[in-house]
Amino acid sequence: MQQLAAFKNQQREIDRLQEFADRFRAKASKASQAQAKLKQIERMEKIEAPESAGPVVGFSFPQPVRSGQRAIALRGVHHAYGENVVYRGVDF
């Protein structure tokens, strides 16, 4: 559990450094800092991702039975906002 937390923290730090390097690599005033961040990533002692020791749960969803031609039918539908009628007596 502790190894998983350390791995995630290191990955977050690597992502942060890589984002800085990608953003400022082409900018002349920050190019040397970007290169330093890339070297810092290279020098890091990488933590291997821990293997999951928990049980694996497997499940599947069966294909549902095909419904009929008409899923729903609406007849004489009305809709209004107060006195403002939007539609009246619509069939779907």
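Residues: numbered from 1 along the sequence shown. Here the structure is a predicted model, which is why all the values come from computation and not from measurement.
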Return the orientation label for the Phe59 and Phe61 ring planes: parallel under 30°, perpendicular over 60°, tilted otherwise. perpendicular

Distance (rounded to the nearest 0.5 Å) between Gln18 CD and Gln11 CD: 11.5 Å

Would you name the heavy atoms of Gln3 and Pro50 that are closest together and state the gap between them? OE1-CB, 4.0 Å

Does the side-chain contact (heavy atoms from CB on, under 4.5 Å) test come out yes or no for Val85 and His79, once each step is laid out? CA-CA 6 Å; Val85 176; His79 187 69; over 6 Å; no

Ile14 versus Ile41, closest heavy-atom pair with distance: O-CD1, 3.9 Å

Is Val86 close to His78 at the side-chain level, that is, under 4.5 Å between some pair of heavy atoms? no

Are there over 12 heavy-atom neighbours, none belonging to Lys46, within less than 6.0 Å of that residue's NZ? yes

Closest non-hydrogen atom pair between Phe20 and Lys37, with its separation: CD2-CG, 3.5 Å

Can you name the nearest heavy-atom pair linking Arg16 to Glu13, along with the distance? NH2-OE2, 2.6 Å

Is there a path from Ile72 to Val65 through hydrophobic residues (I, L, V, M, F, W, Y) whose side chains come within less than 4.5 Å of each other? no

Straight-line distance of Lys39 NZ to Leu17 CG, nearest 0.5 Å: 14.5 Å

Donor-acceptor contact below 3.5 Å, side chain Gln10 vs main chain Ile47: yes

Supply the atom-to-atom distance Glu19 CD to Phe24 CZ, rounded to the nearest 0.5 angstrom. 9.5 Å

